[in-house]
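These notes concern the structure reproduced below.
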Amino acid sequence: MVNDATGIRLARAVWDFTTGDARRFCDRLALVIDAAEQFKQQNIATDFVLLLHGPATQFAARTLSGSKFTEPEGQDFAVAHQLLKRFVALGGRIEVCRIAMDRCAITPENILDCVTVERNVFVNSVALQNRGYAYMPIS
């Protein structure tokens, strides 16, 4: 097995989530968490930032009541919240786009406590990439 992480002390990535499919969102977020855990096992610190905008905005909301979204079927919405909290517990940051929130009728009071509201996450994405964060699109 090639170990591309040899010599790395810090792994920085901005994970740009736009998918509105709950199953896919949970699957990809579980992979991000797995990556953070794998780096940790190799004694490599992580600085991961997860951006939510477009249809992925719904996963930052406590409830979808009153929004443009309908509650997904099954347990995927609750699982998404559990995974977001686990991501933060591992040291990750989550930012949701206020512009997308407004377009989706999600109020700031309805956002999970572990999520930070940013006006336009495109600005954050560009800034982080200019600081050396790997860009990881998740659609």
Side-chain angles (χ1 to χ4, degrees):
M1 180 171 124
V2 175
N3 190 354
D4 293 333
T6 300
I8 295 175
R9 293 185 179 169
L10 176 63
R12 292 183 178 143
V14 55
W15 306 87
D16 189 9
F17 275 75
T18 58
T19 183
D21 179 87
R23 186 193 58 75
R24 183 177 184 88
F25 181 88
C26 291
D27 178 71
R28 298 312 185 268
L29 183 50
L31 291 172
V32 171
I33 290 168
D34 182 75
E37 290 171 339
Q38 187 173 345
F39 278 120
K40 187 175 187 171
Q41 289 171 357
Q42 297 178 49
N43 294 317
I44 299 169
T46 57
D47 186 356
F48 286 178
V49 180
L50 193 133
L51 305 179
L52 301 174
H53 59 104
T57 303
Q58 66 185 304
F59 301 111
R62 288 185 176 95
T63 177
L64 297 178
S65 178
S67 76
K68 81 170 203 171
F69 300 105
T70 57
E71 297 286 341
E73 293 180 21
Q75 292 294 316
D76 288 333
F77 193 68
V79 171
H81 287 173
Q82 292 168 356
L83 289 169
L84 289 168
K85 291 173 185 173
R86 186 169 166 206
F87 175 79
V88 169
L90 288 169
R93 291 183 293 145
I94 305 169
E95 301 174 355
V96 64
C97 185
R98 178 60 191 256
I99 295 169
M101 288 169 52
D102 291 344
R103 291 177 179 173
C104 298
I106 296 174
T107 64
E109 299 78 30
N110 189 21
I111 296 297
L112 296 170
D113 292 335
C114 63
V115 177
T116 301
V117 176
E118 294 289 344
R119 183 181 175 283
N120 182 346
V121 295
F122 285 165
V123 172
N124 301 56
S125 179
V126 170
L128 291 168
Q129 289 175 69
N130 275 276
R131 290 180 180 214
Y133 287 68
Y135 177 71
M136 307 297 293
I138 311 289
S139 56

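Computed from a prediction, not measured in an experiment: that's the story for all the values here.
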Self-check item: Student check: side-chain heavy atoms of I106 and T57 closer than 4.5 Å
Solution: yes

Self-check item: Residue pair F69 / F77, side-chain heavy-atom distance below 4.5 Å
Solution: no

Practice problem: Evaluate the side chain to side chain contact (heavy atoms under 4.5 Å, CB included) criterion for residues R62 and L112: first the C-alpha distance (whole Å), next the side-chain angles of each, then the deciding distance (0.1 Å), finally the verdict. | Solution: CA-CA 6 Å; R62 288 185 176 95; L112 296 170; 3.9 Å; yes

Quiz prompt | M101 and V117: CA distance, side-chain angles, deciding distance, side chain to side chain contact (heavy atoms under 4.5 Å, CB included) verdict | solution = CA-CA 9 Å; M101 288 169 52; V117 176; 3.8 Å; yes

Quiz item: Heavy atoms, side chains only, cut-off 4.5 Å: are P108 and R98 in contact?
Solution: yes

Exercise. For the pair F25 and F59, name the ring-plane relationship: parallel under 30°, tilted 30 to 60°, perpendicular over 60°.
Key: parallel

Exercise. Kindly give the heavy-atom pair with the smallest separation between C114 and K85, and that separation in Å.
Key: SG-CG, 4.1 Å

Quiz item: Hey, is the main chain of T63 close enough, under 3.5 Å, to the side chain of N110 for a donor-acceptor pair?
Solution: yes

Quiz item: Hey, quick one: are L51 and V32 part of the same hydrophobic cluster, counting side-chain heavy atoms closer than 4.5 Å, chains of contacts allowed?
Solution: no

Quiz item: Would a distance-only check, ignoring hydrogens and angles, find a side-chain to backbone donor-acceptor pair under 3.5 Å from Q129 to S125?
Solution: yes

Quiz item: Taking 4.0 angstrom as the limit, do D27 and R23 come out as a salt bridge?
Solution: no

Quiz prompt | N/O donor-acceptor pair under 3.5 Å between Q58 side chain and G20 backbone | solution = yes

Practice problem: Classify the ring geometry between F122 and H53 as parallel (under 30°), tilted (30 to 60°) or perpendicular (over 60°). | Solution: perpendicular

Quiz item: Looking at E95 and V121, what are the two nearest heavy atoms and their distance?
Solution: O-CG1, 4.1 Å

Exercise. Tell me, with the steps shown, if L50 and L29 meet side chain to side chain contact (heavy atoms under 4.5 Å, CB included).
Key: CA-CA 9 Å; L50 193 133; L29 183 50; 3.4 Å; yes

Exercise. Taking all non-hydrogen atoms of both residues into account, name the closest pair between N120 and C97 and its distance.
Key: CA-SG, 3.9 Å

Self-check item: Stepwise side chain to side chain contact (heavy atoms under 4.5 Å, CB included) test for R93 and T116
Solution: CA-CA 8 Å; R93 291 183 293 145; T116 301; over 6 Å; no

Quiz item: Between D76 and R24, is the closest basic N to carboxylate O distance under 4.0 Å?
Solution: no

Quiz item: Looking only at atom types and distance, does a side-chain atom of R86 sit under 3.5 Å from a main-chain N or O of A30, one as donor and one as acceptor?
Solution: no

